[in-house]
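Take a look at the structure set out below.
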There are 2 protein chains.
Amino acid sequence: MAEKTFLANKLKSAGLRMTPQRKLILSILDETSDHLDAEEVYRRAKKLNSKLNIATVYRTLNVLKEMDLIEQRYFARDHGVEYYETVTKGEHYHFTCLGCRKIIEVETPKIKQVQAEFAALTGAQFTHACVCFEGYCADCVDSEESFTL
Amino acid sequence: MAEKTFLANKLKSAGLRMTPQRKLILSILDETSDHLDAEEVYRRAKKLNSKLNIATVYRTLNVLKEMDLIEQRYFARDHGVEYYETVTKGEHYHFTCLGCRKIIEVETPKIKQVQAEFAALTGAQFTHACVCFEGYCADCVDSEESFTL
DNA sequence: ATATTAATTGCAATCCATTCGCAATAAGTG
DNA sequence: CACTTATTGCGAATGGATTGCAATTAATAT
């Protein structure tokens, strides 16, 4: 209920309305540790609201993103699809295994350091960094032999 | 001529053929320091070969990418468009100014360090990193007042 | 040089994630 | 409860990138 009120208040102060769809979609992202794309959010949400439309999912994801409740991410080199996760996690980046498609979270302060150094050097101000790594996880390095070196 | 032979040889050893289109498209990327998307490569190439088709540009960019002659990049948070640059430059990343759309190149060893540390820690093997920064350059920070903090 | 054959091109159609227009619906105010 | 306007559902549209296919052309063998 605290959370519901939080979302409702955030929406209200932006002149937006609380709707079952918005509540549902945020709760799905809040309660998973998976990394979901819009299609998967839609799939999961539709189980609980069969009338839900994919356009609403996209619109809601954009609203939640603008309100800084979720983060949009890209995984892997092919950026054809956007993924979403809640902002409650700390700073982290993603490594996608090309073998098993597993996503491993990478924690490091170095990205922020790069930003700080570059900002100090040039006077620029950072608003966002997109970082994603690609390769083969230990398991797949062991089992697979052929990939680009 | 040395370069032409280099491309021809690379193509040949992959079972591919040297064509005027491929030579043209690589030369455009080789001779510019701009960051071009497929559309812009097409625009520039079409001036020299008016029959050229955009599909050929996309196919050629993919060929050149697979042969590690060019790198595909994304700039800024909105990854709707892919950009290309030759691999002849050293390791660097990109900062996109949301004010003036200028792209500033960022040189730092820290990204490679993150990869090395994570590889040592987990046994994973990296094949690619996608890193792009977004914000406001010094000029735009000075002149603009309103942006997300 | 010429013939051969498989890669490549140009063109149009297609894909697919995401967005948009719009009429119907529903949230929040008074 | 009524009213206003944000929001939804639906289908159509968008736009960058890809693909199928017949015509063309590069590279090889003759």
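Order of the sequence lines sets the chain letters (A, B, ...), proteins ahead of strands, with each chain counted from 1.
- For the pair B:L24 CG and C:dG10 C1', the computed distance is 15 Å after rounding to whole Å.
- Contact of A:R17 with D:dT5 (side chain to base): a donor-acceptor pair of N or O atoms is detected under 3.5 Å.
- Distances from the side chain of B:K12 to the nucleotides D:dT28, C:dA17, D:dG16 place D:dT28 closest.
- For the pair B:E82 CD and D:dG15 C1', the interatomic distance rounds to 13 Å; values are reported in whole Å.
- Put simply, CD1 on A:I25 is 8 Å from P on D:dT8, counting in whole angstrom units.
- The 5' end of DNA chain D is approached more closely, in terms of each residue's nearest nucleotide, by B:V81 than by the other of B:P20 and B:V81.
- A salt bridge links B:E85 to B:R73: one of the charged nitrogens lies within less than 4.0 Å of a carboxylate oxygen.
- Shown here are the ring-ring contact (aromatic ring centres under 6.0 Å, His included) partners of B:Y83, two or more places apart in sequence or in another chain: B:F75.
- Across all strands, B:R59 comes closer than 4.0 Å to base atoms (heavy-atom distances).
- Among B:V41, B:I70, B:L61, the one residue that satisfies the side-chain contact (heavy atoms from CB on, under 4.5 Å) test with B:L36 is B:V41.
- The shortest distance between the side-chain N/O atoms of A:T56 and the OP1/OP2 oxygens of D:dG9 is below 4.0 Å.
- Atom CG of B:N62 and atom C1' of C:dT9 are 15 Å apart (whole Å).
- Between A:Y58 and the phosphate of C:dT19, there is no side-chain N or O to OP1/OP2 separation shorter than 4.0 Å.
- Shown for residues 35-50 of chain A: no residue has heavy atoms falling under 4.0 angstrom of DNA chain D.
- In this structure, A:T19 reaches the D:dT8 phosphate: one of its side-chain N or O atoms is under 4.0 Å from OP1 or OP2.
- At whole-Å resolution of the value, CG in A:L16 and C1' in C:dA26 are 15 Å apart.
- Toward the 5' end of DNA chain C, the nearer of the two residues B:T60 and A:Y83, judged by each one's closest nucleotide, is B:T60.
- Whole-Å rounding puts the A:L11 CG to C:dA26 P distance at 18 Å.
- The CD-P distance, from B:Q72 to D:dT18, rounds to 9 Å in whole Å.
- A salt bridge between A:K10 and A:D68 is absent, with no side-chain N of the basic residue lying under 4.0 Å from a carboxylate O of the acidic one.
- Salt bridge status for B:K89 with B:E71: absent, with no side-chain N to carboxylate O gap under 4.0 Å.
- With sequence neighbours excluded, the residues satisfying salt bridge (Lys or Arg N to Asp or Glu O under 4.0 Å) with A:D34 are A:R44.
- A:H128 and A:Q115 are not linked by any side-chain donor-acceptor pair at a separation below 3.5 angstrom, with hydrogens and angles left out of the test.
- Residue B:I54 is classed as having no contact, given no heavy-atom separation below 4.0 Å to the nucleic acid.
- Here C:dA12 is the nucleotide among C:dA12, C:dT9, D:dT8 with the atom lying nearest to any side-chain atom of B:A55.
- Partners of A:H92 according to the ring-ring contact (aromatic ring centres under 6.0 Å, His included) rule, which considers only residues two or more places apart in sequence or in another chain, are A:H94.
- The interatomic distance linking B:M18 (CE) with D:dT24 (C1') rounds to 18 Å, in whole Å.
- An OP1 or OP2 oxygen of D:dG9 is reached within less than 4.0 angstrom by a side-chain nitrogen or oxygen of A:Q21.
- Contact annotation: B:K51 side-chain N/O to C:dC11 OP1/OP2 distance is not under 4.0 Å.
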- prompt: How would DNA chain C look in dot-bracket form, 5' to 3', counting Watson-Crick and G-U wobble pairs with both distances under 3.5 Å and writing | for bases paired to another strand?
  reply: ||||||||||||||||||||||||||||||
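- Partners of A:F133 by ring-ring contact (aromatic ring centres under 6.0 Å, His included), not counting sequence neighbours, listed by chain and number: B:F126.
- Side chain of A:T32 to main chain of A:L29: no donor-acceptor pair is present (N/O by atom type, distance under 3.5 Å, no hydrogens or angles).
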